[in-house]
Amino acid sequence: PRQAYGKGVAYAEIDGRGVIYITTPGFFLWALDAKTGQVLWMWRPEEGERFDNAPRKGAGRGPAFWRSGDDKRVMDITPGFFLVSLDAETGIPDPNFGDNGRVDLFEGLRNSDGFADIDIGSSAPPFVMNDVVVVGPAHKVGMRPRSKSNVKGDVRGYDARTGEHLWTFRTIPERGEVGFETWLDDGVEFTGNAGVWAPMSGDPELGHVYLPVESATGDRYGGDRPGDNLFANSLVALDIKTGERQWHHQLIHHDIWDWDNPAAPILADLPNGRKIVMQVTKQSWVYTFDRL
């Protein structure tokens, strides 16, 4: 049942009126007057089989809000895995964003062939900062996956104005990339997951987005993927404009206990001037890092 409810809201001041944006079961996206609760507009996609086959049919964890000058948009990820951008005042899809207001996030996936339904969706809002929208994917719960192979949980950045694809960070690296050497056989080729199902965080001044990466396929068995399996179970800092890795720390090497990162990294400015980021884990540890 927990997949059926939104867990967050977006808020904005528009023409002197406070507006709250929420999602509800079945993926209805609402704009409400913050003072009275009056419905200002409601939008819902019609996704057919994409919705029927979606691993995450709920409302994510709320929408995101983007503003640039007079342009104001509400952005969210549908159960069928489309990134949508709506006019914040009217709820009408932005005709200048992607394909009439939406971007098909199935495009560019790795390891998506061979399955009747693609095991990928979202359980968190898109992360919007510095005019870039970052999408982290969620899969079905991986305690007993259908296969040792699954779609890979790559994280992608898009232009907030146009929906243009800007970059992809491969959480399971390819040959020649940092981290490839931590996969000791061909498991790196067929293994999937390692997405970012929890919300992300960012520092707009540094231009860093922080990714709490989950475990690779599957949660309870790792015999098909020997090695440390970078970047699974890691906190990864990326340049939000380019997707280039700034730094990473792998909290769990070769996870076989579903010890993926379950929460958004927490940013804090300390009284002594230090700027830190903290990752809370399922083991009741808080890992603390310098943000830079």
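If you're wondering where the values come from, they're calculated on a predicted model, not measured in any experiment.
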Enquirer: According to ring pair (Phe, Tyr, Trp, His ring centres under 6.0 Å), who are the partners of F81, at least two apart in sequence or on a separate chain?
Expert: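 Ring pair (Phe, Tyr, Trp, His ring centres under 6.0 Å) check on F81 returns nothing, list empty.
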Enquirer: Are the side chains of D239 and Q246 in touch, meaning some heavy atoms are under 4.5 Å apart?
Expert: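 In short, these two side chains touch, coming nearer than 4.5 Å.
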Enquirer: Starting at CG of D260, measure out to CD of E214 and round the result to the nearest 0.5 Å.
Expert: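 Atom-to-atom, D260:CG and E214:CD are 5.5 Å apart.
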Enquirer: Where the side chain of T191 meets the backbone of V188, is there a donor-acceptor pair that is under 3.5 Å apart?
Expert: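 Checking the backbone N and O of V188 against the side chain of T191, no donor-acceptor pair under 3.5 Å is found.
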Enquirer: Rounded to the nearest 0.5 Å, what separation is found between the OG atom of S234 and the CD1 atom of I252?
Expert: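 Here the rounded value is 10.0 Å.
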Enquirer: Are K275 and D290 close enough for a salt bridge, meaning some N to O gap below 4.0 Å?
Expert: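 Not counted as a salt bridge, because no side-chain N and carboxylate O are separated by less than 4.0 Å.
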Enquirer: Should the pair D203-R291 be classified as a salt bridge under the 4.0 Å nitrogen-to-oxygen rule?
Expert: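 Yes, D203 and R291 are salt-bridged.
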Enquirer: Would the distance check show the side chain of Q250 and the main-chain N or O of A232 forming a donor-acceptor pair, the cut-off being under 3.5 Å?
Expert: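 Confirmed, Q250 side chain pairs with A232 backbone.
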Enquirer: Any chance you could pull the hydrophobic cluster mates of V286, using side-chain heavy atoms under 4.5 angstrom and chaining through other members?
Expert: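 Besides V286, the cluster holds I266, L270, I276, M278, V280.
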Enquirer: When you measure from the centre of the six-membered ring of F106, is the NZ or CZ of R50 closer than 6.0 Å and no more than 45° off the axis?
Expert: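 Yes - R50 lies over the ring of F106, closer than 6.0 Å to its centre and within 45° of its axis.
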Enquirer: Is it true that D76 and R102 have a side-chain N and a carboxylate O under 4.0 angstrom from each other?
Expert: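 No, D76 and R102 are not salt-bridged.
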Enquirer: Whether D154 and R170 form a salt bridge (side-chain N of Lys/Arg under 4.0 Å from carboxylate O of Asp/Glu) is what I want to check.
Expert: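 Looking at D154 together with R170, the answer is no, because their closest N to O distance does not fall below 4.0 Å.
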Enquirer: Kindly assign one of parallel, tilted or perpendicular to the pair F231 and H248, based on the angle between their ring planes and the thresholds 30° and 60°.
Expert: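 Taking H248 first and then F231, their aromatic rings stand perpendicular (interplane angle over 60°).
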Enquirer: List in chain and number order the residues that pass salt bridge (Lys or Arg N to Asp or Glu O under 4.0 Å) with D99, two or more places apart in sequence or in another chain; answer none if no residue qualifies.
Expert: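 Partners of D99 under the salt bridge (Lys or Arg N to Asp or Glu O under 4.0 Å) test: none.
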Enquirer: Spell out, yes or no, whether L40 and F65 are grouped together once hydrophobic residues are joined by side-chain heavy atoms under 4.5 Å, including indirect joins.
Expert: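 As far as the 4.5 Å side-chain criterion goes, F65 and L40 are connected within one cluster.
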Enquirer: Look at the aromatic rings of Y287 and W285 and report parallel, tilted or perpendicular, splitting at 30° and 60°.
Expert: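 Ring orientation of Y287 relative to W285: tilted.
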Enquirer: Taking everything shown except N272 itself, do over 12 heavy atoms lie less than 6.0 Å from its CG?
Expert: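 Yes, because the 6.0 Å sphere around CG of N272 holds more than 12 heavy atoms from other groups.
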Enquirer: Which side-chain N or O atoms in residues 130-137 pair as donor and acceptor under 3.5 Å with protein atoms at least two apart or in another chain?
Expert:
{"residue": "N130", "atom": "ND2", "partner": "P204", "partner atom": "O", "Å": "3.1"}
{"residue": "D131", "atom": "OD1", "partner": "W66", "partner atom": "NE1", "Å": "2.9"}
{"residue": "D131", "atom": "OD2", "partner": "R161", "partner atom": "NH1", "Å": "3.3"}

Enquirer: Check ring pair (Phe, Tyr, Trp, His ring centres under 6.0 Å) between F180 and all other residues, then give those that pass, not counting sequence neighbours.
Expert: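 Counting only residues at least two positions away or on another chain, F180 forms no ring pair (Phe, Tyr, Trp, His ring centres under 6.0 Å).
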Enquirer: May I ask you to check whether over 12 heavy atoms, not counting those of W247, lie within 6.0 Å of atom CH2?
Expert: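 Atom CH2 in W247 is crowded, with more than 12 foreign heavy atoms closer than 6.0 Å.
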Enquirer: Tell me whether K152 contacts the main-chain N or O of E189 through its side chain, where contact means a donor paired with an acceptor under 3.5 Å.
Expert: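 Present.
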Enquirer: For the hydrophobic clusters of this structure (ILVMFWY residues joined by side-chain heavy atoms under 4.5 Å, transitively), does one cluster hold both F169 and V209?
Expert: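 Result: yes, single cluster for both.
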Enquirer: How long is the straight-line distance from CH2 of W41 back to CG of L29, given to the nearest 0.5 Å?
Expert: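 Spacing of CG (L29) from CH2 (W41) equals 4.5 Å.
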Enquirer: Between the side chain of Q279 and the main-chain N/O of A263, is any donor-acceptor distance below 3.5 Å?
Expert: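 Such a contact is found between Q279 side chain and A263 backbone.
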Enquirer: Within this structure, what is the CD1-CG distance for the pair I172 and N111, rounded to the nearest 0.5 Å?
Expert: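 The CG atom of N111 is 7.5 Å from CD1 of I172, to the nearest 0.5 Å.
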Enquirer: Quick one: pull up CG in N150 and OG1 in T217 and give me the separation to the nearest 0.5 Å.
Expert: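 Taking CG in N150 and OG1 in T217, the distance rounds to 4.5 Å.
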Enquirer: Determine whether V178 and V196 fall in the same hydrophobic cluster, where Ile, Leu, Val, Met, Phe, Trp and Tyr are linked whenever their side-chain heavy atoms lie under 4.5 Å apart.
Expert: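 Looking at the clustering, V196 is in the same group as V178.
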Enquirer: Are the side chain of D228 and the backbone of T182 linked by a donor-acceptor contact shorter than 3.5 Å?
Expert: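 It does not hold such a pair.
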Enquirer: Any chance the rings of F51 and F27 have centres within less than 6.0 Å?
Expert: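 Centroid separation for F51 and F27: 6.0 Å or greater.
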Enquirer: What's the shortest heavy-atom distance between P55 and D119, and which atoms?
Expert: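 Nearest heavy atoms, P55 then D119: CB-OD1, 3.6 Å.
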Enquirer: Side-chain contact, heavy-atom cut-off 4.5 Å: W43 with I92?
Expert: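 No, side chains not in contact.
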Enquirer: Going through the checks in order, is the salt bridge (Lys or Arg N to Asp or Glu O under 4.0 Å) test met by K282 and D258?
Expert: CA-CA 9 Å; K282 292 180 178 179; D258 188 39; 3.2 Å; yes
Enquirer: Heavy atoms, side chains only, cut-off 4.5 Å: are L105 and R156 in contact?
Expert: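 Yes - at least one pair of side-chain heavy atoms lies under 4.5 Å apart.
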Enquirer: May I ask you to test the W30-V39 pair for a side-chain heavy-atom distance under 4.5 Å?
Expert: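 In short, these two side chains touch, coming nearer than 4.5 Å.
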Enquirer: For W197 versus S123, what's the shortest heavy-atom pair and its separation?
Expert: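 Nearest pair, atom of W197 first, then S123: O-OG, 2.8 Å.
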Enquirer: Using side-chain hydrogen bond (donor to acceptor under 3.5 Å, both in side chains) as the criterion, list what pairs up with N229, not counting sequence neighbours.
Expert: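 Result, side-chain hydrogen bond (donor to acceptor under 3.5 Å, both in side chains) vs N229: R225, H254.
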Enquirer: I want to know whether Y158 and W167 have ring centres closer than 6.0 Å.
Expert: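 When the ring centroids of Y158 and W167 are compared, they turn out to be at least 6.0 Å apart.
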Enquirer: If you measure only the distance, is there a donor-acceptor pair under 3.5 Å linking the side chains of D255 and N233?
Expert: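 A pair is found: one side chain offers a donor N or O, the other an acceptor, under 3.5 Å apart.
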Enquirer: Any donor-acceptor pair under 3.5 Å linking the side chain of S201 with the backbone of P265?
Expert: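 Yes: the side chain of S201 pairs with the backbone of P265.
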Enquirer: Do D87 and K72 sit within salt-bridge range, that is, some charged N less than 4.0 Å from a carboxylate O?
Expert: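 No.
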Enquirer: For the CD atom on Q283, are there more than 12 heavy atoms of other groups (residues, nucleotides or ligands in this structure) within a distance under 6.0 Å?
Expert: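 Atom CD in Q283 is crowded, with more than 12 foreign heavy atoms closer than 6.0 Å.
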Enquirer: Can you tell me if D94 uses its side chain to pair, donor with acceptor, with the backbone of L86 under 3.5 Å?
Expert: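 No.
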